[in-house]
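These notes are about the structure you will find just below.
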Amino acid sequence: MFHRRLLCPIRRRVVLRKTQPNENVRAEPFCGGCGRKVGRKTLLHGVMALFLETSRVLVRSVKDLRPLTAKRHRVKGKWAATLPKHPPTRLALQHFDATYGAQLGPLWPSVRVALLSERKYGALFNNFSHNPHLEELVAQGCRDFISDGAAEASSQPDSECGAEPDSSGVSTATAGVGSQQQPPPRLSPNIKCFVFPRGDVTRFKPARPDKFGLLTYYLMDAASVLPCLALDVQKSHTVLDLCAAPGGKSLALLQTQSVRFLCVNDSSASRTSRLKRVLHSYVPKELLTDDQLRVTSLDGTMWGEVERNSFDRVLVDVPCTTDRHSLMEDDNNIFSRSRVGERRSLPQLQVELLLAGILAACPGGEIVYSTCTLSLNQNLGVVEQAIQLAEENHGIQLQVVSLQPLVQMFANTFHFAPDLHLGEMVIPHLAANFGPIYLCKLRRVT
Ligand SMILES: C[S@@+](CC[C@H](N)C(=O)[O-])C[C@H]1O[C@@H](n2cnc3c(N)ncnc32)[C@H](O)[C@@H]1O
């Protein structure tokens, strides 16, 4: 058996890998981490990605960049028998090339490289911990993108979207039915999410517990905070998080310290247990009492049968193709051949969940729908269908609330997809590798 050093542009580390046995031609290089073939083009992209990550040089010598050349072997290695013929990650990439290539056009190659590269995290600061680490984060070069965005927006003159600025310079407008003005969202000063600057791919250290055992920050895709900001939770609101596990967004909502009552639900029992663990690791016991928090494990599509017209705010963060995960991990991958039916029925499940969320909101209440996929079928398609079904089957009228003010506030932190006619989408970019996150806000008129 021979081993060669190889640079994997997907896992982006140099690995040792047994070369393929019984090959007498020049083999394609393989990634030792994920088992994928690595073409020269991808290899180049990987090198470029590494080059951008100047602070984290993983290439130890020029030899590392050489493609793997196979040697002759007589014995067939075991690994060949266990390697799946069609790894789900490769099926996912083929699927995305076909659909997103057409959808995003010239943007797709750069989004593709970013999706295949290491994602960037944000540190959601835990206000409930006795936290001496704020200065530490700032000293490392991190900045709170939320307060920075709000400060930048307040220093700008009136935005282009024709909306009224509020006292803090944040503004909003509605599109869709009636296209009326909306009261502007007021971002809670309590919610802070730290990120390293553009192009800086330094990793956060794992959060440490404070003297009471509460962790000081929660690492999550910083773009995942946007649906929580879009929800615009105000003092004394009741909030439902319909698909809540593992709990990053629930935690972000609690950080606002405005929620009077939060109901967190997830149909998966194991993920609900994880959600409870997260809440107990970040939130003091006295804030987790039954009159402030309810944890349930129900099928969210049935929520309308249980509790209607109740909540001021509803977050519907649905299960989706989780594009990044699908490209990186073969385990539990929705593109595996055994899960084709489940994947195809996702948009139907998403429509049912959004409709249940709409029914759970009170008239005048607001609903935010979000996913972590670039798929039009799972994003705009679902919202359009849910709006139609709400009207036809339940006589509920909805307004689409423009999120342009949020986009303008955070344009220096995230890359947003241009020209979406419904909702907004953060698209991955090598210099700011967050997302994908799609979000769309609806307001119940009746
Ligand atoms: C994208 S994840 C939610 C992530 C979560 N909001 C967060 O920020 O940590 C989607 C969740 O939906 C849950 N789910 C799937 N089908 C569901 C259903 N019918 N009702 C409620 N939850 C469901 C999954 O178990 C999964 O935890």
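Both counts, for ligands and for their atoms, begin at 1 and track the order of listing. Index from 1, following the sequence.
Looking at heavy atoms from C-beta onward, K441 lies out of side-chain contact with I367 at the 4.5 angstrom threshold. Within the 4.5 Å cutoff, no side-chain heavy atoms of Y438 are placed close to those of V382.
By the 4.0 Å heavy-atom criterion, P319 is counted among the residues contacting ligand 1. For the pair T371 and ligand 1, no heavy-atom separation below 4.0 Å is found.
Ligand-side atoms of ligand 1 in range of D299: 18 (C), 19 (N), 20 (N), range being under 4.0 angstrom from any heavy atom. Short contacts between ligand 1 and G247, defined as distances under 4.0 Å to a heavy atom of the residue, involve ligand atoms 7 (C), 9 (O). Numbered from 1 in the order shown, with element, the atoms of ligand 1 that lie under 4.0 Å from a heavy atom of G300 read 18 (C), 19 (N), 20 (N), 21 (C). The ligand atoms of ligand 1 that sit less than 4.0 angstrom from a heavy atom of S268 are 25 (O).
Within the cation-pi definition used here (under 6.0 Å to the ring centroid, within 45° of the axis), R339 does not qualify as a partner of F335.
With a 4.0 Å heavy-atom cut-off, ligand 1 is reached by the backbone of A244 but not by any atom from C-beta on. In V318, the part holding a heavy atom less than 4.0 Å from any atom of ligand 1 is the backbone. Residue-level proximity to ligand 1 for K249 is carried by backbone and side chain together, each with a heavy atom below 4.0 angstrom.
In this structure, F414 and F410 have perpendicular ring planes: the angle between them is above 60°, well past the 30° mark. Below 30°, between 30° and 60°, or above 60°: for H429 and H415 the angle between ring planes is below 30°, a parallel geometry.
H421 and E384 form a side-chain donor-acceptor contact under 3.5 Å, judged by distance and modelled atom types alone. Between Q408 and E152, the side chains place no donor N or O within less than 3.5 Å of an acceptor N or O (distance only, hydrogens not considered).
Residue G248 has at least one nitrogen or oxygen atom sitting less than 3.5 Å from a nitrogen or oxygen atom of ligand 1, judged on distance alone. Note: an N/O pair closer than 3.5 Å links D266 and ligand 1 by distance alone. No N or O atom of T301 sits closer than 3.5 Å to an N or O atom of ligand 1.
At the shortest separation from atom 17 (C) of ligand 1 among protein heavy atoms lies S267 OG, 3.0 Å.
T272 places a side-chain N or O within donor-acceptor distance of the main-chain N or O of D266, the cut-off being under 3.5 Å. Side chain of T446 to main chain of Q397: a donor-acceptor pair is present (N/O by atom type, distance under 3.5 Å, no hydrogens or angles).
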